[in-house]
Peer 1: 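Questions regarding the structure given below will be posed in turn.
Computed from a prediction, not measured in an experiment: that's the story for all the values here.
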Amino acid sequence: FAINMNQLQLDEELGKGNYGTVKKVLHKPTNVLMAMKEIRLELDDSKLSGIIMELDILHRAVGPEIVGFYGAFFIESCVYYCMEFMDAGSLDKLNGAGVPEDVLARIAGSMVRGLKFLKDELQIIHRDVKPTNVLVNKKGEVKLCDFGVSGQLEKSLAKTNIGCQSYMAPERIKGESQNNLGTYSVSSDVWSLGLSIIEIAIGHYPYPPETYSNVFAQLTAIVHGDPPELPEEKGYSEESREWVAMCLERIPESRATYQELVDHPFLVKDVGRDVDMVGWVQTAIAHREKATAALIDSQPHSV
Ligand code: ATP
Ligand code: MG
């Protein structure tokens with residue numbers, strides 16, 4: 001069945017990204033809560049239908065580590081994309097109360113299995129692995145969203161976000177011009193995966209902007225500096241630290257493959273282990289709500 005705007009009752013805003021806004025919506029015919037992403041594009045209608053066709057592959061991207069897709073439609077020059085509503089939000093805001101190693105292993109395992117599934121079953125390379133694109137629900141499930149399925153959509157986005165938080169692998173920062181133009185290899189996603197795991201563990205982006213005088217200095221550090229590590233002081237094991245280091249090899253060919261990451265003791269131990277993900281999500285949400293309330297309190301002029 002095809003979803004359209006008339007069937008949706010709009011609810012609160014869940015977040016804003018570089019390209020659009022995500023809202024919680026109720027799909028009235030089925031009574032299902034969904035997350036609707038609005039992406040503003042500047043192009044003509046013929047291209048829009050191409051995008052909708054390309055997005056159709058998402059109906060086949062069904063797996064335990066993949067955020068479900070319900071359908072997409074467009075109105076004027078906006079694409080509206082309806083997906084599974086993840087009621088605990090994204091991992092960038094869920095890590096403030098700390099992440100014990102068994103929880104980190106479950107998150108890392110879910111991400112690798114999701115990425116491997118996309119690659120092996122659908123020949124999809126994610127291309128935008130970062131904590132805001134890893135969503136969690138109160139059942140404790142961890143799922144990936146926002147992977148690149150539409151070349152046409154990609155081309156129509158204003159690519160201006162070499163922002164202060166780059167998850168791009170060194171070879172991508174150096175520029176595709178040296179490699180085959182436009183090719184993107186899985187190993188670049190492996191770098192972004194390693195960087196995301198460190199951010200989730202330490203609670204902030206691993207190349208903090210205050211350390212670098214400008215974006216250029218920061219990008220230089222990514223390309224030429226020593227890659228960041230999981231901090232031993234926070235109690236992370238040698239195994240987990242080694243796993244992350246295997247993702248953050250500066251030379252793409254030296255990085256681990258998904259199979260090697262799955263077969264590593266850090267993730268082998270996660271299989272079948274009883275991890276209190278539900279409890280961790282509850283604690284993390286409570287911490288996030290406290291932090292948000294404190295932030296609002298500290299702004300005297302807020303309305
Ligand atoms: P970028 O635009 O660079 O991709 P982003 O991932 O933060 O950054 P969006 O994808 O537009 O931007 O998402 C905005 C926010 O909305 C996310 O950070 C996330 O917290 C929230 N969000 C997105 N999808 C869902 C969903 N399915 N369920 C719940 N919250 C979501
Ligand atoms: Mg996103």
Peer 1: If you measure from CG on Leu135 to CG on Leu91, what distance do you get to the nearest 0.5 Å?
Peer 2: 8.0 Å
Peer 1: Do you know which two heavy atoms are closest between Asn95 and Gly203, and how far apart they sit?
Peer 2: ND2-CA, 3.6 Å
Peer 1: Check the pair Glu171, Ser188 against side-chain hydrogen bond (donor to acceptor under 3.5 Å, both in side chains), reporting the backbone distance first and the verdict last.
Peer 2: CA-CA 8 Å; Glu171 69 275 13; Ser188 301; 2.8 Å; yes
Peer 1: More than 12 non-hydrogen atoms from neighbouring residues, nucleotides or ligands closer than 6.0 Å to CG on Asp226, yes or no?
Peer 2: no
Peer 1: Which pairs with one or both residues in residues 58-76 pass salt bridge (Lys or Arg N to Asp or Glu O under 4.0 Å), sequence neighbours excluded?
Peer 2: Glu65-Arg113
Peer 1: CE/Met246 to CZ/Arg255 distance, rounded to the nearest 0.5 angstrom?
Peer 2: 12.5 Å
Peer 1: What pair of heavy atoms forms the shortest contact from Lys139 to Val278, and how long is it?
Peer 2: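 Smallest heavy-atom distance, with atoms named: O-CG2, 3.5 Å.
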Peer 1: Kindly assign one of parallel, tilted or perpendicular to the pair Tyr205 and Tyr207, based on the angle between their ring planes and the thresholds 30° and 60°.
Peer 2: tilted
Peer 1: Ring-plane angle category for His126 and Phe147, please: parallel below 30°, perpendicular beyond 60°, tilted otherwise.
Peer 2: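 Ring orientation of His126 relative to Phe147: perpendicular.
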Peer 1: What are the two closest non-hydrogen atoms of Pro227 and Trp191, and how far apart are they?
Peer 2: CB-CH2, 4.3 Å
Peer 1: Within a radius of less than 6.0 Å around CZ of Arg273, do more than 12 heavy atoms belonging to other residues, nucleotides or ligands occur?
Peer 2: yes
Peer 1: More than 12 heavy atoms of other residues, nucleotides or ligands under 6.0 Å from CE of Met53: is that the case?
Peer 2: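 Incorrect, the count does not exceed 12.
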